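Report on one structure; see the data block that follows.
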Amino acid sequence: MLSDTIESKLELLEAQFFQWKADLENKTLKLEKKLDAEIHHREQLQREIAFLREEKSTQSIKLSDTRELIQSKITGGAWDGMKLCSTKSFRQSTELPKRLPIMAQLFEAGIPGCKISNLLPVDIEPISIELSRTTMLRFLDLSENGIDADGAELIASFLATNSTLRVLDLRDNKIMPEGAQAIAKAVKETVSLEVLILDINFIGSAGAQALAEALEDNTSMRVLSVGHNGIDPQGGEAFGKMLRKNNTLEALILMFNSDIGSGGFAVARALEVNNSLRYLSMFQCHILNEGANEFLSSLQINKTLEVIFLGNNEISMAIKNKIRSIRSSLTISD
């Protein structure tokens, strides 16, 4: 009887041992597969780093090779002299007002243009030189390239001498206040640029003030988008001053500048005298009821603004409804 009990326990222990052994082997196999995957991933990263280092080591690029460089970095289009569909991707990737005639014209015309991607700092200068030589380009998308202040200065030098470019998209780069100031200086010189997109570029108040000043006497710009740039009340006041003088700008996008606050007063009051602006976005700009009342007062005088975004601000529904009731042709959107 005792021997049967001992034998039964030994069989149970033996079964548990083999189960433990099998579990251990399975875990070991999984760890080995995971290790192999990590080694493969590391080797792939090392190859990519080596490739990037090789690209960066090319400090000077012959001008004869620049066009090939540009071609290799163009996405969804071609270079020069071809009617492209670049503006279609632009339509999908931007929140700019598509009701405005200028935007509709660009989208429908398929103007010659391109998007250049995956730029390295060393690429900016030769590409700027090549861009300065072309007279065919009307639309240029350099968004999401990590372009810094120095790169923006190079682009500004091309822009200042260009007389054909109509749309420049520098969205989601890092041009900083200094880069915005360089672009603003070029805007004073150019006579063709109609749309400038600078969202998410850390331009701050200094950059905003420079751009606003550049547009005071500008007669070509019709759309300016500077959303999400840390613009403060002084920047807002500068745009208000600009709107009192400029009578060609049709759209001003200031969304996601939550520090503008009281600077919105100047923008609101400028609408009393401005007769060109048709689209204004103050979405999430820390506009309070007091500021909203300024818009209410100005919009009773203004007859040209068609769409105003005031969502994500601390504005009562009662004031919003009063603005909505001013005239049927005015759309107030959240």
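Because the structure is predicted, anything quoted here is derived from the model rather than measured. In what follows, residues are counted from 1 in the order of the sequence shown.
Here CD of Glu189 is found 13.0 Å from OG of Ser163. Values are rounded to the nearest 0.5 Å. With values rounded to the nearest 0.5 angstrom, Asn313 atom CG is found 5.5 Å from Ile287 atom CD1. In this structure, CG in Leu249 is found 12.5 Å from CD in Glu216, a value given to the nearest 0.5 Å. Separating the NZ atom in Lys320 from the CE atom in Met317 is a distance of 5.0 Å, to the nearest 0.5 Å. The CG atom of Asn246 sits 6.0 Å away from the CG atom of Leu215 when rounded to the nearest 0.5 Å. How far CZ of Arg222 is from CD of Glu194: 5.0 Å, rounded to the nearest 0.5 Å.
A side-chain donor-acceptor contact under 3.5 Å links Asp123 to the backbone of Leu120. At least one donor-acceptor pair under 3.5 Å links the side chain of Asn302 to the backbone N or O of Asn274. Not a single donor-acceptor pair under 3.5 Å links the side chain of Asp169 to the backbone N or O of Leu142. With hydrogens and angles ignored, the 3.5 Å screen pairs no side-chain donor or acceptor of Ser297 with any backbone N or O of Glu294. In this structure a side-chain-to-backbone donor-acceptor pair under 3.5 Å is present from Ser298 to Ala268. In this structure a side-chain-to-backbone donor-acceptor pair under 3.5 Å is present from Asn229 to Phe202. Between the side chain of Ser220 and the backbone N or O of Leu193 there is at least one donor-acceptor pair closer than 3.5 Å. In this structure, Asn312 contributes its side chain and Gln284 its backbone to no donor-acceptor pair below 3.5 Å. Remark: side-chain polar atoms of Asp259 are not paired, donor with acceptor, to backbone N or O of Ile231 under 3.5 angstrom. Of the possible donor and acceptor atoms, none in the side chain of Asn162 sits under 3.5 Å from a partner among the backbone N and O of Thr190.
Side-chain contact between Ile203 and Ile175: present, with at least one pair of heavy atoms (C-beta onward) separated by less than 4.5 Å. Counting heavy atoms from C-beta on, the side chains of Thr248 and Ser276 never come closer than 4.5 Å. Here the side chains of Ile332 and Asn321 are not in contact, with every heavy-atom distance at 4.5 Å or above. Here the side chains of Ile260 and Phe239 are not in contact, with every heavy-atom distance at 4.5 Å or above. With contacts defined as side-chain heavy-atom distances shorter than 4.5 Å, the pair Leu280/Phe295 qualifies. Residues His228 and Met255 have side chains not in contact (no heavy-atom distance under 4.5 Å, counting atoms from C-beta outward). The shortest side-chain heavy-atom distance between Thr164 and Arg138 falls under the 4.5 Å cut-off.
Counting only N and O atoms by type, the side chains of Ser205 and Gln209 include a donor and acceptor under 3.5 Å apart. A donor-acceptor contact closer than 3.5 angstrom is absent between the side chains of Ser143 and Asp172.
Taking the six-membered ring where the residue is Trp, Phe256 and Phe283 present perpendicular rings, their angle passing 60° and hence far from 30°.
Listed here is the closest heavy atom pair of Met221 and Val195: SD-N, 4.0 Å. Closest heavy-atom contact between Ala266 and Gly236: CB-O, 4.1 Å. When every heavy atom of Ile155 is checked against every heavy atom of Ser128, the shortest pair comes out as N-OG, 3.9 Å. Minimum heavy-atom separation, Ala270 to Gly240: CB-O, 3.3 Å. Closest heavy-atom contact between Gly179 and Ala152: CA-CB, 3.6 Å. A pairwise comparison of heavy atoms in Leu305 and Arg327 identifies O-NH2, 2.8 Å as the closest pair.
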Does Ile315 form a side chain to side chain contact (heavy atoms under 4.5 Å, CB included) with Ile323? I'd like the steps, not just the answer. CA-CA 11 Å; Ile315 303 172; Ile323 296 175; 5.8 Å; no
Walk me through it: do Thr304 and Leu271 pass the test side chain to side chain contact (heavy atoms under 4.5 Å, CB included)? CA-CA 9 Å; Thr304 54; Leu271 296 178; over 6 Å; no
Take Leu211 and Leu196 through the test side chain to side chain contact (heavy atoms under 4.5 Å, CB included) and record every step on the way to the result. CA-CA 10 Å; Leu211 288 165; Leu196 178 60; 4.2 Å; yes
For Leu140 and Ile116, what are the C-alpha separation, side-chain angles and deciding distance, and is it a side chain to side chain contact (heavy atoms under 4.5 Å, CB included)? CA-CA 8 Å; Leu140 178 61; Ile116 304 179; 4.1 Å; yes
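The pair Glu213-Lys241 does not meet the salt-bridge criterion, since no charged nitrogen lies less than 4.0 angstrom from a carboxylate oxygen.
With sequence neighbours excluded, no residue forms a ring pair (Phe, Tyr, Trp, His ring centres under 6.0 Å) with Phe265. Taking the side-chain hydrogen bond (donor to acceptor under 3.5 Å, both in side chains) definition, one finds that Lys174 meets it with nothing, sequence neighbours left out.
Atom CD of Glu290 has 12 or fewer neighbouring heavy atoms from other residues, nucleotides or ligands inside a 6.0 Å radius.
No chain of hydrophobic side-chain contacts below 4.5 Å, direct or via other Ile, Leu, Val, Met, Phe, Trp or Tyr residues, connects Ile183 to Met176. Hydrophobic clustering keeps Phe309 apart from Leu288 (ILVMFWY residues linked when any side-chain heavy atoms are closer than 4.5 Å, directly or through intermediates). If you chain together hydrophobic residues whose side chains sit under 4.5 Å apart, Val167 and Ile200 never meet in one group.
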